[in-house]
Amino acid sequence: MYEEQRSLTLSHSVHVTLQTRGCRQEKHESNLSIRNQARETSCSCDVMPVRVMSEGAGPNVQVPAHLTRIPVSLISISTDCSDRTVKGRVVHKGPLVSQASDDFIMKTVVQEEDTEPNSSSQNVSINVFLLGALAKDFSQAVNQGDVVVFSGFTVGKSPTVNKDKLHHCNLQLSGGDAFIYVSRPPPADPRSPRPAVKRSSAPSTEVSRMNKAQKYSYSRLDELKVGAVVNVFGVVIFFKQPFKSRGTDFCSSLKITDQSNQKIGCTIFCENLDNHPKIFQIGDIIRMHRVKAQLYNDSITLVNTFGFSVVMFDGVQGGAVEPRASSRSFSFDQEDRRVVEELRAWAAGQALLPPVPTMPLSAIQPNAYFDLTCQLLAKAFISSSCTLLRVWDGTRCAHPLLKVTASPNLTEGPSSFSAERESLIANVFVYDNHVEFAKQLKPGDFLRIYNLRAILGSSTLPGLTNSQSEEVNHLALHLHGGIEFGRGIRILPDDCADVQEMKRVIDTFQQDEDELNDSMLLEVWSTPPEVLGTNQSRHRRCGDDVQTETLSEVKQSDPGRVHHVRVQLRSYEPRRLHQALKLYCSKCSTMQEVPDDELLAGLFSEACRDSEPCTPPPWMLSGQVDLASPPRALSVHLSSHLLYESKATELIFIKGSTLGETCRLAAGYQNIVPVMSSGGHLTLLDLTAPFLFRGRKRYYGCKRCSEAALRDVCAEKDEQIDEKMVADALGVQLLRFVLLMKLELQDATDTLDVFLWRDAELFFGVSAEEAAANQEAQNIVCQTMNSLCPPGGSAGERPWLDVCLAAYRLDDTEEPNRTCYQICDTAVTKPSRSEPNPA
DNA sequence: GCTTAGGGTTGG
């Protein structure tokens, strides 16, 4: 046991940095840098989106270190391209096309040169579209034949793949996050076949002359001309969640208005859901670039065209103006802020409020239609056209809510909750097309469900038993099939204001709820992650050569590998430390709860009850200790063997003490073994209780693997009596304290549930045994979790972590294909002030 | 390859 622990704490292939900068900060910084960009363009090359690097030369512009290159052949629609670069030679440079005044577009083709020799040319040549000022810049600064590195791009499906036989995707660059790095051979090389670009190390001779940050001009909704490609702002007065069209794309349908009072329908087709506007509610403000005005039924509608981008803003007056973009790169400046605030002020005076209000569960009325912001706790299969979502928002509905019990094997998430929590849970039946969407929802997700209907009575509900038919006056919620009235479900980000508000309510409730979490956890973890604990997988350690991957990439990989990820901790279970402590038997690989003091106190008082005289074994010396309050006698037994070695008091067997008394005695003696009389013999207590107390530490034995009996402990004179020696003598298989937590990791691409178990001690820098016994160790664990996931904090307040994950398949006959993940070789290091922020 | 949708007074 100790050797294993030692090997854990001495494992030093550690890979964690706790970056001190959170998302929220990052957002502000990035806004700041965009503003700086406008201000500093004349004096600094650092902020120019097209930069020239001289290969192998001095202190030149460099591609920021946090960006990693992705081979062109690996690019797909689903690739997460944040922090990715693409490198290639410019093999074609198209003309600079002016779309509108001061808005340009340009196509170039780059070819990757240093890829696998057997890659086909189709895989390594890719179309790149440059939009806005970047296009103009590129046309001036870059020549055919130059090697360029792109970052801050988005990936789209190439519509010309059959014609040009190039890569099936294209790259699109526009706005503040997109950068192009141009590298040229060092000027010292006289044999360069291409015209030498004069360049010294001084940035003032930058080849690119950066224009001012792109200025977009926006059309009012009453001045749209059929056929024109325009940029617009508007207030959303109707919207549908994106739905699958009969064509290749998802379609978002919405209607917007502005100060002109024109109401304009908009249709957005995008194959990738991420590129659709993130509209949360009516009243949100939308900014669209490059939409085309078309005529339909004598009215103008707006449809997205090439280079389309959309950004949403909350419409509430006085709130922060935070862009909610649907593309990695977008522009945003003070001018945008001003327009948003003007629209907010104007809309506040209009009757644009939703016809269907968003309301908490506490406000819903029978038969009403409403939007609900809630957290998903569990979902259950009802039928192929109906799924049950069990949700709550922390408020109590004024009407009794229908209780639904779904079969645990058809349920994702806990199949039951505490009575208190059950009384707050609303059952939402979602039908037809929403069933498909509901598949991607995970317990814990924050949702907004649009156009829900509250209905009394259960007689017609699917999947309910007769015993529930008496609940005729109970409310159930229904999300009917179809997309009319904006019916649908949306996952809300954690940092959304409404979610934050709801979390505050939920947290208050959760603090009162406690012991039941444990049974929930056991349900979630029906299989403890023991597989990794075996020696055969010990070699799966991480190495420095492992590249950082996104969570979505990790999920797509086969198990059996180690991954490096950069993630935030979205949530974790259990919230209380004592529930994370478990007892683990390394012999039979089972895990069990640590019994609580109430249970133990009962066992001790039970053990006191049998007061019939008993014969101690012959090797024992017996005596009595008289207690004053309450007045009674404890029998004390010592080993005669140890007495002979002058170590008699180093191991004391005690009979008749309460749990509290045993603990107090343990503070003064090295080893206390509680015993009891049973059938005229002295025996150990049931192994649910600790068989040994040493100071504040308690040691437990495995009921399954122990053959416990009272036997003498034979220690040599200078030998220390420890728990291992006592356990060996008594035939007890020692259980080891372990920490077991389930962490929900998150990055831009996905979320992933992982266990923290095998290397939990390394992670916290604390042994589980210490955490079970001493407050300081407990504080370290709690403080660590609080710093990684501040209670009530938004995503922006959570640090980014570099974590090593082992993916493995469960050796479980019930779920043979379930892949599990565990954090390994990862230690949390305290953020140091001197640590520089990455660029 | 250049479409797809184009809100509409609401079930289980």
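Throughout, protein chains are lettered first and strands after them, A, B, ... in sequence-line order, and every chain is numbered starting at 1.
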| Looking only at side-chain N and O atoms, does Arg246(A) come under 4.0 Å of OP1 or OP2 in dA5(B)? | yes

| Contacts of Asp258(A) that satisfy salt bridge (Lys or Arg N to Asp or Glu O under 4.0 Å) - sequence neighbours left out | none

| task | Quick one: label Phe243(A) by what it contacts on the DNA or RNA (base, sugar-phosphate, nothing), any heavy atom closer than 4.0 Å. | result | sugar-phosphate

| Which listed nucleotide (dT4(B), dG6(B), dG11(B)) is nearest to the side chain of His480(A)? | dG11(B)

| query | When all nucleic acid strands are considered with a 4.0 Å heavy-atom cut-off, which category describes Asn297(A): base, sugar-phosphate, or nothing? | reply | nothing

| request: Tell me what Gly481(A) touches on the nucleic acid: a base, only sugar-phosphate, or nothing, going by heavy atoms under 4.0 Å. | output: base

| query | Nearest to the side chain of Cys251(A), which nucleotide is it out of dT4(B), dA5(B), dG8(B)? | reply | dA5(B)

| query | Counting side-chain heavy atoms from C-beta on, which of dT3(B), dG7(B), dG6(B) comes nearest to Lys255(A)? | reply | dG7(B)

| query | OP1 or OP2 of dG6(B) sitting under 4.0 Å from any side-chain N/O of Lys240(A)? | reply | yes

| remark: Closest of dA5(B), dT9(B), dG12(B) to the Val303(A) side chain is dA5(B)

| Which part of the nucleic acid, if any, lies within reach of Lys157(A) when heavy atoms closer than 4.0 Å are counted: base, sugar-phosphate only, or nothing? | base

| said: Need to verify one output field. Residue with the more 5' nearest nucleotide on DNA chain B, Phe269(A) or Phe238(A)? | reply: Phe269(A)

| message | Let's see if you can work this out: which of dG6(B), dG12(B), dT3(B) has an atom nearest to the side-chain heavy atoms of Ser385(A)? | response | dG12(B)

| query | What is the nucleic acid contact for Arg487(A), judged by heavy atoms within less than 4.0 Å: base, sugar-phosphate only, or nothing? | reply | base

